[in-house]
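Following: one structure in structure tokens, then a few remarks.
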Amino acid sequence: MSLKDKVIIIMGASSGIGAATTNYLANHGAKLVIAARRKDRLDELKDAISEACISTIKADVTKFEEVQAVVDYTVDKFDHVDVMFNNAGIMPTNPLIRVQRQEWQKILDVNVMGVLNGIAAVLPVMVKQKYGHIIATDSVAGHVVVPNLAVYNGSKFAVRAIMEGLRQEQRNNGIKTSIISPGAVRTELFNSINDPKNRQAEIEVEKTIGLDPEQIAKAVAYAIDTPHDTDVNEIIIRPIGQSV
């Protein structure tokens with residue numbers, strides 16, 4: 001696998017898919033800059049793989065200047081960026097009738113603006129390089145709409161549309177785009193569900209059929225480890241027992 005020495009930024013790396021991807025890529029020789037709000041968790045990841053090349057930065061994906069600082073640090077340290085993985089996300093669930101406007105805003109800020117902030121920060125670097133790969137964690141919910149997830153669905157459909165637009169705009173600049181769309185995965189995503197009943201339901205689904213985050217990390221690595229003229233645009237990964 002030709003992941004060795006690739007310079008990869010992972011936003012939202014402190015747990016779940018981000019942490020698993022950090023471990024997987026680090027163990028295959030990638031040079032990583034990992035970012036999240038919980039720097040202590042990032043430092044624990046780094047310390048657990050002490051021989052790996054990992055830099056940790058505290059950053060909130062909803063704040064463009066913090067995302068830009070991660071990209072600037074990476075370019076200063078390595079002179080280029082091979083991959084930007086926009087992984088941060090939240091999943092509050094509620095029917096629209098509850099009118100959880102603050103919750104809706106947070107979903108849009110993290111899931112949509114977080115991805116756009118990552119694109120805005122790294123795209124000028126990659127255009128100048130004439131190569132690069134931008135990846136976003138989407139969801140099966142970006143392909144299928146279900147009740148009580150309308151706003152989350154909307155955010156993930158938006159990411160899918162944004163990434164397809166990015167592909168079309170930048171295909172002649174040597175820039176690849178990929179979305180990874182998991183179904184149920186055993187992560188901490190349920191912590192962002194404010195309704196206790198909905199949160200417990202999600203916990204039960206993840207416990208019963210959820211995939212291990214490393215299985216998603218392997219899909220990310222597969223997308224990265226392709227020839228320069230090959231672009232894996234969408235990967236959907238469901239547990240075999242998932243109905244939606």
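We use all heavy atoms of the structure for the numbers below, so side chains are in, but hydrogens, waters and symmetry mates are not.
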side-chain contact (heavy atoms from CB on, under 4.5 Å) for Val33 and Phe78? Distances and angles first, verdict last. CA-CA 10 Å; Val33 177; Phe78 298 108; 4.0 Å; yes
Check whether Asn173 reaches the backbone of Ile175 with its side chain - one donor and one acceptor, N or O, closer than 3.5 Å. no
When you check the side-chain N and O atoms of Ser14 and Arg38, is any donor under 3.5 Å from an acceptor? yes
Suppose we screen for side-chain contact (heavy atoms from CB on, under 4.5 Å). Which residues come up paired with Ala52, at least two apart in sequence or across chains? Ala26, Ile49, Ile54
Atom pair NE2 (His143) and CD1 (Ile236), whose distance is rounded to the nearest 0.5 Å: 4.0 Å
Nearest non-hydrogen partners of Ser178 and His133, listed with the distance: OG-NE2, 2.8 Å
Tightest non-hydrogen contact, residues Ser15 and Arg41, listed as CB-NH2, 3.6 Å
Examine Val185 and Ile235 and state if one hydrophobic cluster contains both, with Ile, Leu, Val, Met, Phe, Trp and Tyr joined whenever side-chain heavy atoms are less than 4.5 Å apart. yes
Heavy-atom closest contact (Val81 atom, Gln129 atom, distance): N-OE1, 2.8 Å
Partners of Pro147 by side-chain contact (heavy atoms from CB on, under 4.5 Å), sequence neighbours excluded? none
Under the salt bridge (charged side-chain N to carboxylate O under 4.0 Å, His left out) rule, collect the residues that match up with Lys39, sequence neighbours excluded. Asp43
Can you sort out the partners of Asp212 under side-chain contact (heavy atoms from CB on, under 4.5 Å), two or more places apart, ordered by chain and number? Arg186, Glu214, Gln215
Heavy-atom check, side chain of Tyr152 versus side chain of Ser139, under 4.5 Å: yes
Other than Val145, what residues sit in its cluster of Ile, Leu, Val, Met, Phe, Trp and Tyr side chains whose heavy atoms are under 4.5 Å apart, directly or through others? Phe157
With sequence neighbours left out, the residues meeting side chain to side chain donor-acceptor pair (under 3.5 Å) with Asn233 are Asp231
Are Asn87 and Thr21 packed together at the side-chain level, in the sense that at least one heavy-atom pair is separated by less than 4.5 angstrom? no
So which heavy atom on Tyr24 is nearest to which on Ala221, and how close? CE2-CB, 3.5 Å
Salt bridge (Lys or Arg N to Asp or Glu O under 4.0 Å): pairs with one or both residues in residues 161-179, sequence neighbours excluded: Glu164-Arg167
For a quick test of reading the model, state the closest non-hydrogen atom pair linking Ile224 to Lys6 and the distance between them. CG2-CD, 3.7 Å
Do Val125 and His80 pass the side-chain contact (heavy atoms from CB on, under 4.5 Å) test, and can you show the C-alpha distance, the side-chain angles, and the key distance before you say yes or no? CA-CA 8 Å; Val125 174; His80 69 282; 5.9 Å; no
Sequence neighbours excluded, the answer for side-chain contact (heavy atoms from CB on, under 4.5 Å) partners of Ser243 is none
Go through the steps for Tyr131 and Asp82 under the test side-chain contact (heavy atoms from CB on, under 4.5 Å), then give the verdict. CA-CA 7 Å; Tyr131 69 88; Asp82 291 306; 3.4 Å; yes
Distance-only criterion, 3.5 Å: show the donor-acceptor pairs between side-chain atoms of residues 67-74 and protein atoms not counting sequence neighbours.
| residue | atom | partner | partner atom | Å |
| --- | --- | --- | --- | --- |
| Gln68 | NE2 | Asp72 | OD1 | 3.0 |
| Tyr73 | OH | Ser55 | OG | 3.0 |
| Thr74 | OG1 | Val70 | O | 2.8 |

With no hydrogens and no angle check, do the side chains of Ser2 and Asp225 hold a donor and an acceptor under 3.5 Å apart? yes
For Ala13 and Thr22, which heavy atoms make the closest approach, and how far apart are they? CB-OG1, 3.9 Å
Salt bridge (Lys or Arg N to Asp or Glu O under 4.0 Å) contacts in which one or both residues fall within residues 134-163, not counting sequence neighbours: Arg160-Glu234
So how far is it from Lys128 NZ to Leu123 CG, rounded to the nearest 0.5 Å? 14.0 Å
Please list, one pair per line, the donor and acceptor atoms closer than 3.5 Å that link side chains of residues 106-121 to other protein atoms, with sequence neighbours excluded.
| residue | atom | partner | partner atom | Å |
| --- | --- | --- | --- | --- |
| Asp109 | OD1 | Gln105 | NE2 | 3.0 |
| Asn111 | OD1 | Ile90 | N | 2.9 |
| Asn111 | ND2 | Ile90 | O | 3.0 |
| Asn111 | ND2 | Ser155 | OG | 3.2 |
| Asn117 | ND2 | Val61 | O | 2.8 |
| Asn117 | ND2 | Met113 | O | 3.3 |

Side-chain contact test, heavy atoms from C-beta onward, threshold under 4.5 Å: evaluate it for Ile134 versus Leu166 and give yes or no. yes
Measuring from atom NZ of Lys46 to atom CG of Leu42, what distance do you get when rounded to the nearest 0.5 angstrom? 10.5 Å
Go through Ile216 and Ile180 one step at a time and tell me if the side-chain contact (heavy atoms from CB on, under 4.5 Å) criterion holds. CA-CA 8 Å; Ile216 313 305; Ile180 313 296; 3.8 Å; yes
Among all residues two or more places apart in sequence or in another chain, which pass the side chain to side chain donor-acceptor pair (under 3.5 Å) test with Asn153? none
Cluster link Ile162 to Phe64, ILVMFWY, side chain under 4.5 Å: no
Would you call Met11 and Met84 a side-chain contact if the rule is heavy atoms closer than 4.5 Å? yes
